[in-house]
Amino acid sequence: MIYIKFNSNDITVERKEMGSKANLKEKLKDELTEEELALLPRGFQTIGHIVILKLNPKLMEKKTLIAEKYLEILPNYVKSVYLNLGAIKGQFREPENIKYLLGEENPIVEHKEHGIRYQFDITKIMFSQGNINERKYLATLVKDGEIIVDMFAGIGYFSLPIAKHSKPKKIYSIELNPEAYKFLVKNISLNHFEGIITAINGDSKEEAIKLSNAGVRADRVIMGIFPAPKDFISEALTLAKLKDTIYHYEGVVDKESYLDLFNEFKDIAKTSGFESVLLAKRFVKSYGPGLYHVVFDINVFKN
Ligand SMILES: C[S@@+](CC[C@H](N)C(=O)[O-])C[C@H]1O[C@@H](n2cnc3c(N)ncnc32)[C@H](O)[C@@H]1O
């Protein structure tokens, strides 16, 4: 069993070959058939005080019984069981179907990661465990005094680690979804970054232009959403300085033709009179057969 534990300062992956699945099977051996026992999940996710289970459809009738046993074998801080019945979908990247099952009915968790407190509602907001390294890594690239625009800020996935681990002058964090924005504001205050991060509730297409018209020129622009935010490139470029604005541009690619996505960015930038140089690329996580979530670091400048 691979046990991914989320509520310490860092994610720990404990491999319990003889551990929890065996434990769970032992607890359920008189109540489930051999076939059902074999279908028990290999792993599960805890975040804050909640364990989120994905169950095989054949186990759904026994879901409450299984949830009871999870609460028995997991540490005391785990107070609630929620069922994950769907994927992350749509423009707001919301979890489609996370439902309360057993224990305390409180979907608002506090997750600590890289020294930051993130509060959010697990039934409304995604928090991708696959992006953990990228959340930390981006902050290491930031130089003292930078002006940063985070165009798809969510609950502060990137803005908060940057404010914590680097010394930017200002971060403008734009978020359209009112629910995510509410937690963005909450998290800025929980972590005491009011002096560094300005949260903006709006569409980053319009808000980027408003910032640009107000004279904001960025050292770094984060475009962290996929499918790739191609339609936002022109507006994002209004924030560029004449020299050396770094864009972090995300997308989903296959490894053979990943450069097509960069070339698309480059061509759009060219029409606004900017050159683009690909500084680095990172494959953040797998995104289905042959597909990867990629981040490009692109230097944009005028000749
Ligand atoms: C889920 S985040 C992705 C964050 C990051 N890639 C991660 O997972 O660590 C993307 C955010 O962009 C927001 N969003 C979508 N369209 C937007 C727009 N037009 N303007 C501003 N925010 C937007 C969504 O509501 C969502 O919170």
Side-chain angles (χ1 to χ4, degrees), residues 6 11 45 47 86-96 98 109 111 113-114 116 118-141 148-165 171-188 197-212 218 220-239 247-253 261 281-287 291-297:
F6 267 91
I11 288 185
Q45 179 186 358
I47 187 148
I88 308 268
K89 287 254 170 77
Q91 182 195 17
F92 288 162
R93 311 279 304 134
E94 291 169 310
E96 197 170 53
I98 295 193
V109 293
H111 166 57
E113 178 185 292
H114 303 137
I116 296 143
Y118 293 92
Q119 244 186 49
F120 61 98
D121 181 334
I122 59 146
T123 64
K124 296 187 178 140
I125 307 278
M126 61 82 85
F127 199 94
S128 170
Q129 66 192 69
N131 297 349
I132 181 170
N133 292 332
E134 185 63 15
R135 282 194 285 275
K136 177 94 186 260
Y137 180 71
L138 217 54
T140 68
L141 300 177
I148 298 171
V149 179
D150 185 355
M151 288 180 64
F152 304 93
I155 61 167
Y157 307 103
F158 293 121
S159 298
L160 296 168
I162 290 173
K164 173 89 185 172
H165 298 292
I171 307 173
Y172 298 97
S173 304
I174 308 169
E175 173 54 47
L176 181 58
N177 176 1
E179 193 64 34
Y181 176 77
K182 184 177 90 186
F183 286 106
L184 173 64
V185 171
K186 173 84 188 171
N187 292 332
I188 291 169
I197 304 178
T198 299
I200 300 169
N201 186 202
D203 183 339
S204 57
K205 230 178 205 304
E206 293 157 18
E207 299 302 331
I209 289 177
K210 281 192 211 161
L211 287 173
S212 173
R220 195 173 295 277
V221 178
I222 304 168
M223 302 180 74
I225 192 170
F226 44 73
K230 179 183 161 190
D231 295 344
F232 293 73
I233 296 173
S234 302
E235 289 78 6
L237 287 166
T238 65
L239 295 162
Y247 284 76
H248 300 287
Y249 187 69
E250 288 191 8
V252 176
V253 291
L261 188 68
K281 59 144 199 333
R282 290 178 292 288
F283 294 114
V284 174
K285 61 178 182 284
S286 163
Y287 200 72
L291 294 176
Y292 294 87
H293 167 188
V294 72
V295 182
F296 295 125
D297 301 344

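Every number for a ligand or one of its atoms is a count from 1 in the order of the listing.
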With side chains defined as the heavy atoms from C-beta onward, is the minimum distance between [X] and [Y] less than 4.5 Å?
X    : Y    : result
E113 : I116 : no
L141 : H248 : yes
D203 : F232 : yes
N131 : H293 : yes

Checking contacts here: is it the side chain or the backbone of [X] that comes within 4.0 Å of ligand 1, counting heavy atoms only? Could be both or neither.
X    : result
N131 : side chain
M151 : backbone
E207 : neither
I225 : side chain
Y157 : side chain
F127 : neither
F158 : side chain

Numbered atoms of ligand 1 (with element) below 4.0 Å of [X], judged on heavy atoms:
X    : answer
N177 : 25 (O)
F232 : 19 (N)
G202 : 20 (N), 21 (C)
D203 : 18 (C), 19 (N), 20 (N)
G154 : 27 (O)
G224 : 3 (C), 4 (C), 5 (C), 6 (N), 10 (C)
M126 : 1 (C), 8 (O)
E250 : 6 (N)

Worksheet item: Would you find a donor on one side and an acceptor on the other, under 3.5 Å apart, between the side chain of Y247 and the backbone of A236?
Response: yes
Worksheet item: Any sub-3.5 Å donor-acceptor pair from N201's side-chain atoms to I174's backbone N or O?
Response: no
Discussion item. Checking the N or O distance criterion of under 3.5 Å, is ligand 1 in contact with E175?
Written reply: yes
Worksheet item: Could you go step by step and tell me if Y137 and V284 meet the side chain to side chain contact (heavy atoms under 4.5 Å, CB included) rule?
Response: CA-CA 11 Å; Y137 180 71; V284 174; over 6 Å; no
Worksheet item: In chain order, what residues pass the salt bridge (Lys or Arg N to Asp or Glu O under 4.0 Å) check against E235, with sequence neighbours excluded?
Response: K205
Let me check something: any side-chain donor-acceptor pairs from residues 154-165 under 3.5 Å, sequence neighbours excluded? List them with distances.
unit_1	atom_1	unit_2	atom_2	d
Y157	OH	M126	O	2.6
S159	OG	D150	OD2	2.7
S159	OG	S173	OG	2.8
H165	NE2	H114	O	2.7

Worksheet item: After noting the C-alpha distance and the side-chain angles of K281 and Y292, does the key distance pass the side chain to side chain contact (heavy atoms under 4.5 Å, CB included) rule?
Response: CA-CA 12 Å; K281 59 144 199 333; Y292 294 87; over 6 Å; no
